[in-house]
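We name chains A, B, ... by the order of the sequence lines, and we start the count at 1 in each one.
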2 protein chains.
Amino acid sequence: MTRATRTSPTLANVAAAAGVSRQTVSNVINTPGRVAPETRSRVQAAIETLNYRPNRVARSLRTRTSRLLGYCVQPAPVGMLNPVLDRFVHAITESAAEHGFHVLLFTAPAGAPGLDRYAELLAQQAVDGFVLSDTVVGDPRHGWLTAHGVPFSAFGRTWTGEDQGAWVDVDGAAGIGQAVAHVHAAGHRRIGFLGWPDGSGVGDDRLAGYQAGCRRFGVAPLVVRTDGGIEAGRTAAGGLLDRPDPPSALVCVSDLAAHGALRAVTERGLRPGHDIAITGFDDTPSAALPGIELTSLSQPIEQVGRAVVRMVLGPLGAAGPPTPPAGAAPHQLFEPTLVIRSSSHPKDDGGST
Amino acid sequence: MTRATRTSPTLANVAAAAGVSRQTVSNVINTPGRVAPETRSRVQAAIETLNYRPNRVARSLRTRTSRLLGYCVQPAPVGMLNPVLDRFVHAITESAAEHGFHVLLFTAPAGAPGLDRYAELLAQQAVDGFVLSDTVVGDPRHGWLTAHGVPFSAFGRTWTGEDQGAWVDVDGAAGIGQAVAHVHAAGHRRIGFLGWPDGSGVGDDRLAGYQAGCRRFGVAPLVVRTDGGIEAGRTAAGGLLDRPDPPSALVCVSDLAAHGALRAVTERGLRPGHDIAITGFDDTPSAALPGIELTSLSQPIEQVGRAVVRMVLGPLGAAGPPTPPAGAAPHQLFEPTLVIRSSSHPKDDGGST
DNA sequence: CAAGCCCTGTTGAACGATCCAACGACCCGC
DNA sequence: GCGGGTCGTTGGATCGTTCAACAGGGCTTG
């Protein structure tokens with residue numbers, strides 16, 4: 001029918017079809033209130049007929065705004081974070097779309113060398129802001145971006161004293177607190193913690209939650225560190241189990257560590273959920289496997305993604321059906337949900353209420 | 001030092017600094033061969049001094065090329081595909097970057113309704129082409145994109161008779177063939193197959209590989225179907241195991257089905273890898289868990305990602321260090337690698353060579 | 001010696017949208 | 001009847017880059 005397969009209609013085409021000027025068509029699209037209703041409907045009919053879509057590139061050039069958010073996909077870290085990262089990418093993409101934004105993916109080396117990529121994208125006007133994740137303790141990105149006045153928000157706290165930029169995070173301390181309360185309610189009094197090495201931010205936070213839980217319930221802390229892998233978790237948990245006074249519950253800093261702990265437990269002829277309670281963190285797909293049934297803390301990634309996008313879009317003045325909250329808080333903390341499975345609560349034995 | 005925090009230098013600034021015209025600077029960047037060496041180095045010095053980066057948006061407007069590839073993130077299907085999808089996203093992002101492209105994420109409903117999103121991005125000149133994944137049998141995208149002359153390539157075959165567009169895929173039939181050969185070599189002669197329902201393309205391909213393997217080794221096929229979930233796999237595998245003539249090896253269409261099969265096996269007091277061999281497909285992180293140790297087929301996702309990007313960039317005339325192969329094949333098939341673990345090859349018993 | 005070509009570099013226009021200043025029409029009040 | 005304010009609309013300028021056409025110098029060629 002139309003010859004639209006070759007070139008798209010332009011603003012001038014629509015204006016000609018509707019018998020008005022370009023600016024009037026632009027107003028119908030951007031500030032409909034400024035156009036008389038009769039004119040507006042006529043223009044809209046022309047837009048509909050020609051199936052006109054404003055050229056994003058031309059608009060970007062004039063307004064100096066790309067309506068794109070940059071997100072750096074890291075060079076595939078451990079297998080653990082993947083399911084979380086996957087859902088997060090989907091969440092920010094969907095959330096950005098509601099505000100007329102899209103997500104632009106790029107790669108960059110970790111640390112300060114990677115900043116060049118961020119700078120390049122900005123110099124090229126390729127993005128309006130950034131969404132950060134996988135933040136580490138000495139992360140140079142927050143400081144650099146704030147210093148350059150670039151809008152951004154992060155999934156993960158800065159973990160430094162100075163409060164730089166907006167962030168959203170999951171309250172690991174509260175989550176581990178839930179796990180401690182859960183196993184304590186099940187009657188466990190000797191509760192161990194399988195943690196990460198000092199200085200990882202996330203790990204320290206979760207350890208703090210464990211320690212607070214111990215204080216709250218008046219039990220003695222029993223902490224052992226691993227580097228995060230399954231094998232390391234198995235070794236570390238084995239060390240705890242072979243003590244003369246072994247714990248009857250093991251709260252783990254991650255699902256990966258918990259898998260190692262499960263292994264150490266079964267190797268010693270103990271039944272998880274029966275003889276000893278075990279909990280993990282992240283609620284990865286492997287936690288729900290039959291024969292594993294690991295109690296774990298599920299992160300509200302979709303909520304986190306929405307919140308992160310809201311925060312970065314705040315200073316950018318986004319548009320869309322859900323009105324952007326002008327005074328968005330610079331920080332937001334979500335609490336994870338404890339998903340109870342038989343590793344801490346056997347099916348055949350209801351445990352104590 | 002510089003006042004570059006406010007606005008980036010422009011082509012005219014560089015031209016003025018080097019004492020040449022805008023076009024000459026443009027030529028230095030895009031077609032260096034057309035500029036005299038002496039002038040070129042002078043311009044490059046100016047570019048270096050001012051830290052100039054060409055404005056991507058202005059370039060896009062003029063050349064009608066966004067140097068962006070669209071990729072649709074699906075609304076989070078089953079948990080299975082996630083690890084694969086995650087690596088795939090990273091692979092195409094990195095591969096596109098080598099050619100000066102970036103990946104733009106968007107969401108769209110499945111099937112024909114989602115085509116509007118593709119059309120919109122094209123009308124807006126937001127992307128130059130698309131990378132497809134999660135292709136299904138009746139997928140309308142291939143036909144629509146080829147009909148509109150849009151460059152694209154897909155991870156996954158079209159599965160229809162008519163050969164529309166470029167694709168890259170993993171040879172599921174060959175992979176399952178490897179698995180059958182592996183268990184046959186271990187001495188198994190009664191080999192069952194846990195498959196998906198008819199008509200899924202991927203599932204049919206893997207089933208065909210199983211049937212070819214049976215013919216090759218002269219063993220009788222024994223097929224049962226499941227809907228893909230763990231529970232369904234457990235039930236289906238149980239049906240096979242409870243037969244009067246149960247198989248001694250179970251080749252599964254996916255890791256998820258294999259997890260179900262593992263469950264059914266252990267429930268009946270059998271030891272996987274010892275009394276019965278089990279293999280999966282995808283080599284998901286959960287396959288490597290201690291206590292599971294599932295033999296599985298690992299997909300070369302990074303290679304697939306590189307190939308997909310090469311194919312979509314072919315008609316777009318990409319630039320970059322690795323010269324784009326002009327006559328790129330429209331199709332490419334990669335063979336998965338069998339990762340042997342104890343579910344088919346116990347540690348304590350070396351099995352037959 | 002003149003015509004023609006390649007090589008280098010310059011100029012004006014164009015891509016398609018939005019911003020800006022100005023203008024005509026209209027209504028109101030004096 | 002006329003000045004002033006508001007609303008809707010208009011044409012021109014602009015964002016930063018690349019395309020098309022062309023000017024001038026040095027060289028070869030008839």
Side-chain angles (χ1 to χ4, degrees), chain A residues 4 6-44 46-47 50-68 100 120 122-126 128 317 319, chain B residues 4 6-44 46-47 50-67 100 122-126 128 317 319:
Chain A
R6 201 65 246 150
T7 58
S8 300
T10 171
L11 200 63
N13 300 137
V14 177
V20 294
S21 70
R22 301 188 313 276
Q23 181 63 24
T24 302
V25 180
S26 179
N27 283 338
V28 168
I29 295 169
N30 298 311
T31 52
R34 296 198 172 212
V35 181
E38 194 268 340
T39 312
R40 193 193 321 166
S41 59
R42 189 156 41 100
V43 171
Q44 273 167 343
I47 290 177
L50 277 75
N51 194 26
Y52 167 75
R53 304 281 173 197
N55 187 314
R56 237 183 146 88
V57 178
R59 190 206 293 251
S60 289
L61 179 60
R62 191 60 182 92
T63 62
R64 317 182 67 79
T65 312
S66 63
R67 301 185 83 78
L68 251 45
E120 192 170 8
L122 287 169
Q124 295 178 144
Q125 300 233 346
D128 292 341
Chain B
R6 202 64 247 151
T7 57
S8 300
T10 170
L11 202 61
N13 300 137
V14 178
V20 294
S21 68
R22 300 188 313 275
Q23 184 62 32
T24 301
V25 181
S26 177
N27 285 337
V28 168
I29 295 169
N30 298 310
T31 51
R34 297 197 171 211
V35 181
E38 195 268 338
T39 312
R40 194 192 319 166
S41 59
R42 189 155 40 98
V43 170
Q44 273 168 341
I47 290 177
L50 277 76
N51 195 27
Y52 167 75
R53 303 282 174 196
N55 186 314
R56 239 184 144 88
V57 178
R59 187 203 294 247
S60 290
L61 179 60
R62 191 59 182 93
T63 61
R64 317 179 66 78
T65 312
S66 63
R67 300 186 83 78
L122 287 169
Q124 294 177 146
Q125 300 232 348
D128 292 341

Check: B/Asp128/B/Thr65 side-chain N/O donor and acceptor closer than 3.5 Å:
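There is no such pair (donor and acceptor under 3.5 Å, judged by atom type) between the side chains of B/Asp128 and B/Thr65.
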
Any side-chain donor-acceptor pair under 3.5 Å between B/Asn27 and B/Arg22?
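Side chains of B/Asn27 and B/Arg22: no pair found under 3.5 Å.
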
Strictly distance-based, threshold 3.5 Å: is any side-chain N or O of [X] a donor or acceptor partner for the main-chain N or O of [Y]?
X: A/Arg42; Y: A/Ala18; result: yes
X: B/Thr39; Y: B/Val35; result: no
X: B/Ser66; Y: B/Ala126; result: yes
X: A/Asn30; Y: A/Ser26; result: yes

State, to 0.1 Å, how close [X] and [Y] come at their nearest heavy-atom pair, and which atoms those are.
X: A/Pro54; Y: A/Arg59; value: CG-NH2, 3.2 Å
X: B/Arg56; Y: B/Arg67; value: NH2-O, 3.3 Å
X: A/Val57; Y: B/Gln125; value: CG2-O, 3.5 Å
X: B/Ala46; Y: B/Ala17; value: CB-CB, 4.2 Å

Nearest whole Å is fine: how far is [N] [atom2] from [X] [atom1]?
X: B/Ile47; N: D/dT17; atom1: CD1; atom2: P; value: 10 Å
X: B/Tyr52; N: D/dG16; atom1: OH; atom2: C1'; value: 7 Å
X: B/Asn13; N: D/dG16; atom1: CG; atom2: P; value: 9 Å

Considering only heavy atoms of chain A and a distance under 4.0 Å, specify the first and last nucleotide of DNA chain C in 5' to 3' order that meet this criterion.
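Range of nucleotides within reach of chain A: C/dG16 to C/dC20.
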
Please report the end-to-end axis angle for the helix from C/dC1-D/dG30 to C/dC30-D/dG1, five pairs per end, rounded to 10 degrees.
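The two end axes of the helix from C/dC1-D/dG30 to C/dC30-D/dG1 meet at 60°.
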
Do A/Arg22 and D/dG12 have a side chain to base donor-acceptor pair shorter than 3.5 Å?
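It does, because a donor-acceptor pair links the side chain of A/Arg22 to the base of D/dG12 below 3.5 Å.
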
N or O in side chain of A/Asn27 less than 4.0 angstrom from D/dT9 OP1/OP2
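For D/dT9, neither OP1 nor OP2 has a side-chain N or O of A/Asn27 closer than 4.0 Å.
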
Residues from residues 54-62 of chain A sitting under 4.0 Å of DNA chain D, heavy atoms only?
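The answer is A/Leu61, A/Arg62.
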
Rounded distance [0.5 Å steps], CG in B/Asn55 versus CG in B/Leu61:
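Answer rounded to 0.5 Å: 10.0 Å.
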
What contact category does A/Ser21 fall into here, base, sugar-phosphate, or nothing, at under 4.0 angstrom with non-hydrogen atoms?
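Base contact.
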
Heavy-atom nearest nucleotide on DNA chain C for B/Arg64 versus B/Val20: which residue maps closer to 5'?
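With B/Arg64 and B/Val20 compared, the 5'-side residue is B/Val20.
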
Of B/Thr24 and A/Ser26, whose nearest nucleotide on DNA chain C comes first from the 5' end?
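The answer here is B/Thr24.
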
